[in-house]
Q: 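Before we start, here is the structure in question, set down as structure tokens.
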Amino acid sequence: MLDRTKPSPAMRDPKLKTARAHKPRHCHLLDRLRKRHFYRWRWLLWLAVSAYLLLPALPPSLRGPGSEPLPGVRIYAYDLPPRFNRGWAAADARCARHLFAAEVAVHEALLLRQRRAGLRPEEADLFLVPVYVCCNFSTPTGLPSLAHARGLLADAVGLVRAQMPFWNRSAGADHVFVAAHDFGACFHPMEDVAMAAGIPEFLKRSILLQTFGVQGRHPCQDVEHVVLPPYVPPEVAPRELPEPEKARRDIFAFFRGKMEVHPKNISGHFYSRKVRTELLRLYGRNGKFHLKRKRYDGYRAEMARSMFCLCPLGWAPWSPRLVESVLLGCIPVIIADNIRLPFPGVLRWPDISLQVAERDVAGLEAVLDHVAATNLTTIQRNLWDPVKRKALVFNRPMEEGDATWQVLKELEAKLEPLRRQGRRR
């Protein structure tokens, strides 16, 4: 209760009352505006903090589009000596940009996220063991050698076991490796050799992020894993490229790459299971098909002019053409039986691509003609969805919805089974 026996400041000091009476009107207005802005900014700050804390906990039905919460999985990337990763990247710039460079991109994006969050290993759900096995460009062809991969990974695991307690408590079950080569962690470009070698025993309890994926059982994916898109530099998607249904695309069907006239090479293997040889034989003289065997640095400009981009298997079923086609607005035509594609829940591959069985290559022209005459525009519009295109690109730092983000969402879904296994132990 106020003490009414005490005189007010104005009663004690008549000069104060006079000063207030003579205060300009605009000063009172400014005072009121300052107070109003102060309360408004305080209210906005409270609202922002509340949204930041509470939005991730809301069910998806109550979250609007574009407000997907940051993946909650916490991944700690081990700080290994440079000979396992940074040394390779420093020795050759191709290490961070070639088709197998997802191992570098994922590591760098997660490391930035880890540093910003101040994550300590004791707080982590999963642990990334960052080993760059695809950066040894010592072969005559310029493609990376994998001869050192198993030994390098074994050394890294031995170091982690000896110096950190986390591997031993789970036998490596909460540890993540990237295997972005042809047949993943089997580490050989020839499928029969890769299958015979199998995945190294010390990786069989861990989680692999790999570009290789097929339907059904396969020795090179007989382990907990997530299928990644192959690495394509983010700048491949030019911002000024018009929507595919509005662009002038003067090439009907495009492919540039290795097409052997006699596909059985010195190893005794048939490259691409003869698919590319059949494409060349059947359509090499067809004016609607732009098929080229020679390398050309400007091939992506050709893709941007094409309606359909052929994506036949090579040694492995996957190809960087899958990503390049989508980014450049060219409908990918996948010719690789039983291939399993990355992030199907987000990308919905049947809506943005065509799949043709390897045995049906002879009917390819009829399939493309039918699509061109019926639902070409629908597929092109689906293809140009920015959500789908972004999901195939590895950004550094990670961005909402990009390829690393999608990897984290898939790893997050694997956490609960891992925790149940931990409780049973």
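Computed from heavy atoms alone, side chains included, the values below leave out hydrogens, waters and symmetry copies. Numbering of residues begins at 1 and proceeds along the displayed sequence.
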Q: Take T404 and N395 through the side chain to side chain contact (heavy atoms under 4.5 Å, CB included) test and state the conclusion after the steps.
A: CA-CA 8 Å; T404 308; N395 292 298; over 6 Å; no
Q: Are E410 and F343 close enough that some pair of their side-chain heavy atoms sits under 4.5 Å apart?
A: yes
Q: Are P317 and V214 side-chain neighbours, meaning at least one heavy-atom pair lies under 4.5 Å?
A: yes
Q: Kindly give the heavy-atom pair with the smallest separation between V73 and E412, and that separation in Å.
A: N-OE2, 3.6 Å
Q: Show the nearest heavy-atom pair for residues D182 and A316, with the distance to one decimal.
A: O-CB, 3.4 Å
Q: Taking side chain as C-beta onward, heavy atoms only, is W315 less than 4.5 Å from M190?
A: yes
Q: Can V326 and L383 be said to form a side chain to side chain contact (heavy atoms under 4.5 Å, CB included), step by step?
A: CA-CA 6 Å; V326 175; L383 189 70; 3.8 Å; yes
Q: How long is the gap from CD on E191 to CZ on R273, to the nearest 0.5 Å?
A: 6.5 Å
Q: Please lay out, stage by stage, how R281 and E278 fare under the test salt bridge (Lys or Arg N to Asp or Glu O under 4.0 Å).
A: CA-CA 5 Å; R281 184 182 68 83; E278 279 297 286; 2.8 Å; yes
Q: State whether the side chain of R340 and the backbone N or O of Q215 hold a donor-acceptor pair below 3.5 Å, judged by distance alone.
A: no
Q: Between F100 and Y231, is the ring pair (Phe, Tyr, Trp, His ring centres under 6.0 Å) condition met? List the steps.
A: CA-CA 6 Å; F100 305 130; Y231 181 82; over 10 Å; no
Q: Looking only at heavy atoms, what is the nearest atom pair of A247 and P242, with distance?
A: CB-CG, 3.7 Å
Q: Verify, without hydrogens or angle tests, whether T211 (side chain) and L228 (backbone) share a donor-acceptor contact under 3.5 angstrom.
A: no
Q: Between L209 and L411, is any pair of side-chain heavy atoms under 4.5 Å apart?
A: yes
Q: Could you check whether atom NZ of K246 has more than 12 heavy atoms from other residues, nucleotides or ligands sitting under 6.0 Å from it?
A: no
Q: Would you check if the side chain of R300 reaches a backbone N or O of E324 as a donor-acceptor pair within less than 3.5 Å?
A: no
Q: Angle between ring planes, Y132 versus H107, binned at 30° and 60°: parallel, tilted or perpendicular?
A: perpendicular
Q: Evaluate C220 against C186 for disulfide bond (SG atoms under 2.5 Å apart), listing each step before the verdict.
A: CA-CA 6 Å; C220 298; C186 285; 2.2 Å; yes
Q: Please report whether the SG atoms of C309 and C330 are separated by less than 2.5 angstrom.
A: yes
Q: Of all the heavy-atom pairs spanning H188 and F183, show the shortest one and how long it is.
A: O-CD1, 3.4 Å
Q: Walk me through it: do R321 and F255 pass the test side chain to side chain contact (heavy atoms under 4.5 Å, CB included)?
A: CA-CA 9 Å; R321 293 176 184 84; F255 177 80; 3.3 Å; yes
Q: Looking at R205, K204, R217, which hits salt bridge (charged side-chain N to carboxylate O under 4.0 Å, His left out) with D222?
A: R217
Q: Going by the angle between their ring planes, with limits at 30° and 60°, are Y283 and F289 parallel, tilted or perpendicular?
A: parallel
Q: Hey, which of L408, L110, L415 is the one that makes side-chain contact (heavy atoms from CB on, under 4.5 Å) with L126?
A: L415
Q: Between CG of L364 and CG of D369, what distance do you get to the nearest 0.5 Å?
A: 9.5 Å
Q: Taking G216's backbone N and O only, do any of them form a donor-acceptor pair with Q221's side chain (distance below 3.5 Å, no angle check)?
A: yes
Q: Could D351 and K388 be called an ion pair, given the rule that one side-chain N must be under 4.0 Å from one carboxylate O?
A: no
Q: Using side chain to side chain contact (heavy atoms under 4.5 Å, CB included), reason through D92 and C135 one step at a time and then give a plain yes or no.
A: CA-CA 8 Å; D92 196 317; C135 289; over 6 Å; no
Q: Hey, what do you get for CZ (R348) to CG (N382), rounding to the nearest 0.5 Å?
A: 10.5 Å
Q: Can you confirm whether H148 is buried at NE2, in the sense that more than 12 heavy atoms of other residues, nucleotides or ligands lie under 6.0 Å from that atom?
A: yes
Q: Nearest 0.5 Å, please: how far is NZ in K390 from CH2 in W405?
A: 9.0 Å
Q: Is the H175 to Y78 ring centre distance short of 6.0 Å?
A: yes
Q: Can the positive tip of R256 be found less than 6.0 Å from the middle of the six-membered ring of Y296, inside 45° of the ring normal?
A: no
Q: I want to check something: taking the side chain as every heavy atom from C-beta on, are H218 and F212 in contact at a cut-off of under 4.5 Å?
A: yes
Q: Taking S272 for its side chain and L313 for its backbone only, find out whether a donor-acceptor pair lies under 3.5 Å.
A: yes
Q: May I ask you to decide if the ring planes of F127 and F166 are parallel, tilted or perpendicular, using 30° and 60° as cut-offs?
A: parallel
Q: Please examine the side chains of L241 and L327, heavy atoms only from C-beta on, and report whether any two atoms are closer than 4.5 Å.
A: no
Q: Counting C-beta onward and ignoring hydrogens, is there a side-chain heavy-atom pair between V323 and F394 closer than 4.5 Å?
A: no
Q: Does any N or O in the side chain of S206 come within less than 3.5 Å of the main-chain N or O of G172, such that one atom is a donor and the other an acceptor?
A: yes
Q: For E358 and V275, indicate whether the former's side chain and the latter's backbone hold a donor-acceptor pair under 3.5 Å.
A: no
Q: Salt bridge check: are E123 and R74 linked by an N-O gap of less than 4.0 Å?
A: no
Q: Per the side-chain contact (heavy atoms from CB on, under 4.5 Å) rule, which among Q210, K409, Q406, K414 passes with V226?
A: K414
Q: What heavy-atom pair brings L291 and L279 nearest, and what distance separates the two atoms?
A: CD1-O, 3.5 Å
Q: Might you point out which heavy atoms bring D337 and A357 nearest each other, and give the distance in Å?
A: OD1-CA, 3.5 Å
Q: To the nearest 0.5 Å, how far apart are CD1 in I199 and CZ in F177?
A: 12.0 Å
Q: Side chains of L159 and P81: does their closest heavy-atom pair fall under 4.5 Å?
A: yes
Q: Is a salt bridge present between E302 and R305, judged by a nitrogen-to-oxygen distance below 4.0 Å?
A: no
Q: What's the separation between atom CD1 in I331 and atom CE in M307, rounded to the nearest 0.5 Å?
A: 8.5 Å
